[in-house]
Amino acid sequence: MKILTGKTALVTGSTSGIGLGIAKALAQAGANIVLNGFGDADSALADILATGVQTMHHPADMRSLREIESMFTAAKAKFEMVDILVNNAGIQHVAPIESFDPQKWDDIISINLSSSFHTTRHALPDMLARNSGRIINIASVHGLVGSAGKSAYVAAKHGLVGLTKVTALETTKTGVTCNAICPGFVLTPLVQKQIIDLANAEHISLDEAQARLLGEKQPSGRFVTPEELGNIALMLCSPLAAEMRGTTIVADGGWTAQ
Ligand code: NAD
C-alpha cells in the first residue's frame with residue numbers, strides 16, 4: 001500500500017510544468033488526481049493513468065469564482081472529497097511598472113493569489129470535518145525577495161506566502177496543514193518565454209539568454225526540476241510533516257542565500 005492510497009489530490013495548473021510534476025509524484029504515491037489547467041490535458045491524463053490511480057481533468061479558469069466552484073463540485077462527485085489541495089496555477093508578465101498592462105496585473109493577482117483563497121475556502125470544510133488534509137501553495141523565491149520588472153508576480157507571491165501563514169494559523173490545532181514551496185528557476189513554459197524575450201531583447205542566442213538568466217540569480221547554475229518539487233510536495237503530504245505549519249520551503253539553487 002502506497003502512502004497516499006485512498007486520498008485525492010487536486011492540483012491547479014497541472015497540465016504542464018511544476019503542477020504536472022507534483023501531480024505525477026502524488027499519483028506515484030497512490031493519490032487519485034484532479035488535474036486542472038489549459039492546453040493539452042490528454043497527455044497529462046495519460047501520464048497520471050499510467051501510475052494506476054484514477055484521474056479527471058477540469059478546465060476551470062482560476063480567474064472565475066463560478067468555474068472554481070464547479071471544479072470542486074465535479075471533484076467531489078467523482079472522489080467524495082479533496083484531501084490534498086495544491087495551489088499551483090500561475091502566469092508571469094515582465095515589464096516596468098509605468099508600462100505594465102493593468103489587465104495583466106489583474107490576471108496575475110487573480111490567478112497567482114486570489115484563486116488560492118477561493119480553492120482553500122472550498123477545500124477546508126471537508127478537511128476540517130475529517131480532521132485531515134494538506135494545502136500546499138506553490139509560491140516562489142519571489143514570495144520572499146523581489147526582482148525588477150515583476151511587480152504583479154512578486155506582489156501575488158508575497159501575498160500567497162501571507163495566505164499560507166494565515167491558513168496554517170486558522171488550522172493549527174487540527175490535522176490540516178498549510179505550507180508553501182518557494183522554487184527558484186524551473187525550466188517550464190513560464191520561464192522559457194522569459195528566455196526567448198531576453199534573447200530577442202539582447203540579440204543573443206537562447207543558450208546565452210538561459211545562462212544569463214540563471215547566472216544573475218541562481219548560483220547553482222542549473223534549473224530546479226518539477227520532479228524535485230514533486231518530492232517536496234510528497235514529503236509535505238506525509239505524516240512526517242504533520243507539525244510543519246505555515247512554513248516556506250525554499251528550493252532555489254542558492255538564490256535567496258546570497
Ligand atoms: P507553466 O506555464 O508550465 O504551467 C502553468 C499552469 O497553469 C498550466 O497548466 C496552465 O494551463 C495553468 N494556467 C494558466 N492560467 C490558468 C488559469 N487562468 N486557470 C487555470 N489554469 C491556468 O508554469 P510553471 O512554471 O509550471 O508554473 C507553475 C507555478 O509555479 C506558478 O504558480 C509559478 O508562479 C510557480 N513558479 C514557477 C517557477 C519557474 O521557474 N517555472 C519558479 C517559481 C514558482
Side-chain angles (χ1 to χ4, degrees), residues 10-25 33-45 47-48 57-72 86-94 103-104 106-116 118-119 136-147 150 152-161 163-164 180-196 198 210 213-214 216-218 220 222-230 232-233 248-253 255-256:
L10 186 157
V11 186
T12 68
S14 45
T15 46
S16 83
I18 295 169
L20 181 56
I22 291 174
K24 282 189 207 168
I33 302 291
V34 181
L35 292 167
N36 158 258
F38 301 152
D40 175 21
D42 288 346
S43 72
L45 283 166
D47 283 351
I48 301 300
H57 170 253
H58 194 286
D61 185 330
M62 289 300 109
R63 290 168 294 191
S64 162
L65 271 63
R66 187 180 52 75
E67 291 181 31
I68 290 172
E69 185 174 3
S70 85
M71 176 175 71
F72 271 84
V86 183
N87 288 311
N88 167 80
I91 59 168
Q92 176 64 284
H93 179 67
V94 183
Q103 185 58 52
K104 290 267 196 301
D106 286 349
D107 283 347
I108 290 177
I109 298 299
S110 178
I111 297 166
N112 297 21
L113 174 59
S114 302
S115 72
S116 301
H118 296 299
T119 54
I136 301 172
N137 293 328
I138 305 307
S140 165
V141 286
H142 286 119
L144 305 170
V145 297
S147 288
K150 298 185 176 176
Y153 189 86
V154 170
K157 294 297 185 180
H158 274 68
L160 188 57
V161 169
L163 177 65
T164 303
I181 300 176
C182 297
F185 279 129
V186 186
L187 191 54
T188 65
L190 183 145
V191 164
Q192 196 70 48
K193 181 175 180 311
Q194 292 175 59
I195 293 168
I196 292 166
L198 183 64
Q210 181 170 307
L213 201 73
L214 278 174
E216 277 172 7
K217 300 283 188 181
Q218 202 148 300
S220 64
R222 77 156 177 90
F223 290 104
V224 183
T225 67
E227 292 73 22
E228 288 164 343
L229 298 171
I232 294 171
T248 45
I249 302 182
V250 179
D252 67 352
W255 181 327
T256 54

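Both counts, for ligands and for their atoms, begin at 1 and track the order of listing.
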Engineer: Tell me, please: is Ala139 in heavy-atom contact with ligand 1, that is, under 4.0 Å?
Structural biologist: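 Judged by the 4.0 Å heavy-atom criterion, Ala139 does count as contacting ligand 1.
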Engineer: Given Tyr153, Trp255, Phe38, identify the one with the heavy atom nearest to atom 36 (N) of ligand 1.
Structural biologist: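 It is Tyr153 that holds the nearest heavy atom.
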Engineer: Which residue from Ala89, Gly90, Gly17 reaches closest to atom 5 (C) of ligand 1 through any of its heavy atoms?
Structural biologist: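 Considering heavy atoms of Ala89, Gly90, Gly17, the nearest to atom 5 (C) of ligand 1 sits in Gly90.
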Engineer: Could you tell me if any non-hydrogen atom of Cys182 lies under 4.0 Å from any atom of ligand 1?
Structural biologist: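 It does not; every heavy atom stays at 4.0 Å or beyond.
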Engineer: Quick one: sort the Trp255 and Phe185 rings into parallel, tilted or perpendicular, breaks at 30° and 60°.
Structural biologist: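 Because their plane-to-plane angle lies in the 30° to 60° range, the rings of Trp255 and Phe185 count as tilted.
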Engineer: Check if Gly184 has a non-hydrogen atom at a distance under 4.0 Å from any atom of ligand 1.
Structural biologist: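 Judged by the 4.0 Å heavy-atom criterion, Gly184 does count as contacting ligand 1.
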Engineer: Write down the atom of Tyr153, the atom of Asn112, and the distance for their closest heavy-atom approach.
Structural biologist: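 Closest approach of Tyr153 to Asn112: CD1-ND2, 3.4 Å.
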Engineer: For Lys157 and ligand 1, answer yes if some heavy atom of the residue is under 4.0 Å from a ligand atom, otherwise no.
Structural biologist: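 True for this residue.
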Engineer: Under a 4.0 Å heavy-atom limit, does Gln92 contact ligand 1 with its side chain, its backbone, both, or neither?
Structural biologist: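 Contact part for Gln92 vs ligand 1: neither.
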Engineer: If we check side-chain contact (heavy atoms from CB on, under 4.5 Å) with Val86, which of these qualifies: Val34, Val11, Thr12?
Structural biologist: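 Only one of Val34, Val11, Thr12 forms a side-chain contact (heavy atoms from CB on, under 4.5 Å) with Val86, namely Val11.
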Engineer: For Met62 and ligand 1, does the shortest N/O to N/O distance drop below 3.5 Å?
Structural biologist: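 Checking ligand 1 against Met62, an N or O pair does fall under 3.5 Å apart.
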Engineer: May I ask you to identify the nearest protein heavy atom to atom 6 (C) of ligand 1, giving residue, atom name and distance to one decimal place in Å?
Structural biologist: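 Sorting protein heavy atoms by distance from atom 6 (C) of ligand 1 puts Gly13 O, 3.4 Å first.
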Engineer: Which of the listed options, Asn36, Leu20, Ile18, holds the heavy atom that is closest to atom 26 (O) of ligand 1?
Structural biologist: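 It is Ile18 that holds the nearest heavy atom.
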Engineer: Looking only at distance, does Val186 have an N or O less than 3.5 Å from an N or O of ligand 1?
Structural biologist: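 Between Val186 and ligand 1 (N or O atoms, distance only) the closest approach is under 3.5 Å.
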Engineer: Using a 4.0 Å heavy-atom cut-off, which part of Thr15 comes near ligand 1: side chain, backbone, both, or neither?
Structural biologist: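 Within the 4.0 Å criterion, Thr15 contacts ligand 1 through backbone and side-chain atoms alike.
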Engineer: Could you find the nearest protein heavy atom to atom 3 (O) of ligand 1 and give me its residue, atom name and distance?
Structural biologist: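 Result for atom 3 (O) of ligand 1: Ser16 OG, 2.7 Å.
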Engineer: Just go through Leu190, Ile91, Asp252 and tell me whose heavy atom is the nearest to atom 23 (O) of ligand 1.
Structural biologist: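 The nearest heavy atom belongs to Leu190.
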Engineer: Going by side-chain contact (heavy atoms from CB on, under 4.5 Å), Thr119 matches just one of Asn137, Asn36, Asn87. Which one?
Structural biologist: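 Only one of Asn137, Asn36, Asn87 forms a side-chain contact (heavy atoms from CB on, under 4.5 Å) with Thr119, namely Asn87.
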Engineer: Hey, is Ser14 one of the residues with a heavy atom under 4.0 angstrom from ligand 1?
Structural biologist: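 Contact present.
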